[in-house]
Amino acid sequence: MLEGIVATILSNYLGKYIQGLERENLKIALRSGEVELENLELRKETLDDFDLPLTVKESFLGKLRMTIPWKALGSEPALIRIERLYLIVQPTKQTEYDHEKEQMRSQKTKLSAVALAEMLGKTKVDSASEHQPKPAQNDKQNESFTQRMITKIVDNLQIFIDKVHIRYEDDRTNP
């Protein structure tokens, strides 16, 4: 069960930046608590979420190592180590302002924030309904356990990035 939770978190958040990172692969590898993936490639749209005027032209991620301490999840941090990150970036094409495109991007950002809040269990719960017994009490307990585990993993997450090389190329200075 815990492996499924972590696999979902990793595939949802890292999967949108890294090509070939699939939940099924992570679920199998996470059982040992150690995951090491090598020779990965970042998606071309990786920098879009950060509102930078850059796009990824080429990328290489040498090693992605994840450690989840299942037996001491509350006291030890979950670790993500990224080693040898090489990026070749270029400026985005200068276009005129497109109001519809900007609204769609804003809507996408809001939906991502809502999805994150729901996943982490940060949605507001009516305090009166918490204390009343419900027929589906067992489902609520399982859901709250899952939410607590997700929150604990995210709160104790440490990310280390080593050996980063970013090269900027454009048509003017590098024809």
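Linking Ile, Leu, Val, Met, Phe, Trp and Tyr whenever their side-chain heavy atoms come within less than 4.5 Å leaves I88 and L40 in two separate clusters. There is no path of hydrophobic side-chain contacts, each under 4.5 Å, that joins I82 to Y86. A continuous path of hydrophobic side-chain contacts links V164 to L47 [ILVMFWY only; heavy atoms under 4.5 Å]. In terms of hydrophobic clustering, with Ile, Leu, Val, Met, Phe, Trp and Tyr side chains grouped at heavy-atom distances under 4.5 Å, Y168 and L52 are assigned to a common cluster.
Atoms CG and CD, from L61 and Q19 in turn, are 11.5 Å apart once rounded to the nearest 0.5 Å. In this structure, CG in D162 is found 11.0 Å from CZ in R84, a value given to the nearest 0.5 Å. Going from atom OG of S59 over to atom CG of L85 covers 8.0 Å, rounded to the nearest 0.5 Å.
For the pair Q158/L79, a side-chain contact is recorded, criterion being any heavy-atom separation below 4.5 Å from C-beta on. Between T92 and L54, every side-chain heavy-atom pair lies at or beyond the 4.5 Å cut-off. For the pair V56 and L87, the minimum side-chain heavy-atom distance is below 4.5 Å.
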key: Verdict with supporting geometry, F160 and I80, side chain to side chain contact (heavy atoms under 4.5 Å, CB included)   = CA-CA 6 Å; F160 297 95; I80 296 178; over 6 Å; no
ask   = Does the side chain to side chain contact (heavy atoms under 4.5 Å, CB included) test come out yes or no for K108 and K110, once each step is laid out?
value = CA-CA 5 Å; K108 184 178 175 183; K110 289 176 185 177; over 6 Å; no
query = How far apart are the C-alpha atoms of I18 and L64, what are their side-chain angles, what is the distance that settles it, and do they pass the side chain to side chain contact (heavy atoms under 4.5 Å, CB included) test?
reply = CA-CA 10 Å; I18 299 172; L64 174 66; 3.8 Å; yes
message = Run the side chain to side chain contact (heavy atoms under 4.5 Å, CB included) test on K44 and E58 for me, step by step, so that the C-alpha distance in whole Å, both residues' side-chain angles and the decisive distance to 0.1 Å come before the verdict.
response = CA-CA 8 Å; K44 301 291 183 198; E58 293 293 328; 4.0 Å; yes
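A donor-acceptor pair is defined here as one N or O able to donate and one able to accept, closer than 3.5 Å; no such pair exists between the side chain of K63 and the backbone of N39. Between the side chain of T46 and the backbone N or O of Y17, at least one donor-acceptor pair lies under 3.5 Å.
Between P91 and E169, the shortest heavy-atom contact is CD-O, 3.3 Å. Annotation for A78 and P69: closest pair CA-CD, 3.9 Å, computed over non-hydrogen atoms. Scanning all heavy atoms of the two residues, the minimum distance from L37 to M66 falls at CD1-CE, 4.2 Å.
A salt bridge does not link E83 with K163: none of the charged nitrogens is closer than 4.0 Å to a carboxylate oxygen.
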